[in-house]
2 protein chains.
Amino acid sequence: MGSLDRSLIAGLSVFESLSAADLDRIVGQARSLRIPRDQPVFEQEQEAHSFFLLLDGHVRVVKSTPDGHEVTVRYISPGELMGIAHALGRTTYPANAIAAVDCVALAWPSQLWPTFAAEFPSFGANTYKAVGSRLQDAHSRVIEMSTEQVDQRVAHALLKLVKQTGKRTEEGILIDFPISRQDIAEMTGTTLHTVSRLLSAWEGEGLVRSGRQKVTVVEPHRLLLIAEGRVEKG
Amino acid sequence: MGSLDRSLIAGLSVFESLSAADLDRIVGQARSLRIPRDQPVFEQEQEAHSFFLLLDGHVRVVKSTPDGHEVTVRYISPGELMGIAHALGRTTYPANAIAAVDCVALAWPSQLWPTFAAEFPSFGANTYKAVGSRLQDAHSRVIEMSTEQVDQRVAHALLKLVKQTGKRTEEGILIDFPISRQDIAEMTGTTLHTVSRLLSAWEGEGLVRSGRQKVTVVEPHRLLLIAEGRVEKG
DNA sequence: CGTGCATTTGAGCTCGCTCAACCTCCGTGG
DNA sequence: CCACGGAGGTTGAGCGAGCTCAAATGCACG
């Protein structure tokens, strides 16, 4: 109980320019959760009882279709809100959220959401801005799916992950959580087989290095050329 | 000038539960526009000087890619806001908006947007709800593109248009504005050739009737079976 | 050291795209 | 009134990106 501290959320853009007292009030109403790897934070169609702020780890947001397909909508990074169904005018969660690694998050009861938005304008403004930028992401995604080849989409997805969670290593930039060929396939609307073939080919050309649930981008620039379709396939 | 009247916007969900005085104030700051068929309401990358409320007609929202592809994002119906770049945290329009037929719209300077949102809570709430539902639409679109065959996507697109703008006729339900094979292709990420073949086949089976820039859905129920992939192709 | 998941790789096929030609409708101007 | 031009639509032939099906290999953890 006493372990929650305003320092957890100070400096996050969602809560920027709030006083220490406000931060205390906000944190005071949160409960903290540890979510072990591969466990759900919340599930599609569930009553949206809480909204969350990811403090540490990475969460994969996945939509399941009635016929058993899974489509990965996005990955959540530390500092981002998730499960804000109420900001979308929903009462149930629109997707499954699965911890990609062991995670730490804060949770607030959903009914606090309107209060926070009203009392802390920067909170409301920030979350709406987040919704707006997710809308734009989704539109880019539609455009990619409509106009690009599979290799371009996979290249784009890797670059996006690298930008979001990349960690500099001696080999190149590592995507900083376990990610399988299947996961990449679900982000790009293809099959794990095709992803595997592409990564093998790119590994052969020295663009990436990859292993079991691990991808390192060695030459982001050349990968970008592929993403933009400015290179013929060998 | 004196021709603008609160009755234009009374009863629209965006302005619901506002007093006559508030409506007058809102309308008083608007200018009205007629947009002839095939003319732009606003254009991608342009400075977002205004936001709009469509009063009559239909507007096609299209994103152009650097390499010359066009992807139709959505169709706007009367009563909907458009060009609300500021609600997405942008200063430029994210897409082109083209009048599908002769249109009538109201326009307000973008800088009024924050004022409206603050002073008329239902206005702010409604537009954010609209953004939320567009986000969900965009996600459905991504999922369709990832998991469905072309015939399913085209069937879904027709059903969506029929639901949004369908007009009962003796032959079936008519999509109430001129729409070409090319337009449908841009909504579904395929080519006009494939759309043409599908419509021809469906016409042969009595599912639809179509002509130059005109589509009538005769049997929505059977089209839904195709959309949901519960039927084999003949 | 075995069991299961992740990955790789091959072979073959098919959906939907490309390329190409032609048709049809409608508006316009002579 | 009719010829013509152009945009929208149709249809065929062929091809190829990427999927499906199938089998084998490798890695990690108990």
Asker: Could you please name the option among D/dT20, C/dC17, D/dT11 that lies closest to any side-chain atom of A/Thr191?
Answerer: D/dT20

Asker: Is it the case that the side chains of A/Ser64 and A/Glu70 hold a donor-acceptor pair, with the cut-off being a distance below 3.5 Å and no angle test?
Answerer: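 Looking only at side-chain atoms, A/Ser64 and A/Glu70 do form a donor-acceptor pair, the distance falling under 3.5 Å.
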
Asker: Is it the case that C/dC26 (base atoms only) and B/Arg212 (side chain only) share a donor and an acceptor within less than 3.5 Å, ignoring hydrogens and angles?
Answerer: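 By the distance-only test, no, there is no pair.
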
Asker: I want to check one thing: is the phosphate of D/dT10, taken as OP1 and OP2, less than 4.0 Å away from some side-chain N or O of B/Ser196?
Answerer: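 Yes, B/Ser196 has a side-chain N/O under 4.0 Å of OP1/OP2 on D/dT10.
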
Asker: Looking only at side-chain atoms of A/Ser180, point me to the closest of C/dT9, C/dT7, D/dT11.
Answerer: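 Looking only at heavy atoms from C-beta outward on A/Ser180, the closest nucleotide is C/dT7.
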
Asker: Counting any heavy atom closer than 4.0 Å, what does A/Arg181 reach on the DNA or RNA strands: base, sugar-phosphate only, or nothing?
Answerer: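 The residue A/Arg181 makes sugar-phosphate contact but no base contact.
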
Asker: Do B/Arg197 side-chain and D/dG9 base share a donor-acceptor contact under 3.5 Å?
Answerer: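 Answer is no: no donor-acceptor pair is held.
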
Asker: Could you check if a side-chain atom of B/Phe42 sits within less than 4.5 angstrom of a side-chain atom of B/Met82, using non-hydrogen atoms only?
Answerer: yes

Asker: To the side chain of A/His193, which of D/dC21, C/dC17, C/dA20 is closest?
Answerer: D/dC21

Asker: Which part of the nucleic acid, if any, lies within reach of B/Ser210 when heavy atoms closer than 4.0 Å are counted: base, sugar-phosphate only, or nothing?
Answerer: nothing

Asker: If the threshold is 4.0 Å, N to carboxylate O, is there a salt bridge linking A/Asp102 and A/Arg34?
Answerer: no

Asker: It should be established whether A/Thr194 places a side-chain nitrogen or oxygen under 4.0 Å from OP1 or OP2 of nucleotide D/dA17.
Answerer: no

Asker: Given C/dC17, D/dC19, D/dG18, which nucleotide is nearest the side-chain atoms of A/Thr190?
Answerer: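 So the side chain of A/Thr190 is nearest to D/dC19.
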
Asker: Tell me yes or no: between the side chains of B/Ser180 and B/Asp183, is some donor less than 3.5 Å from an acceptor?
Answerer: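 Note: B/Ser180 and B/Asp183 side chains meet the donor-acceptor criterion.
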
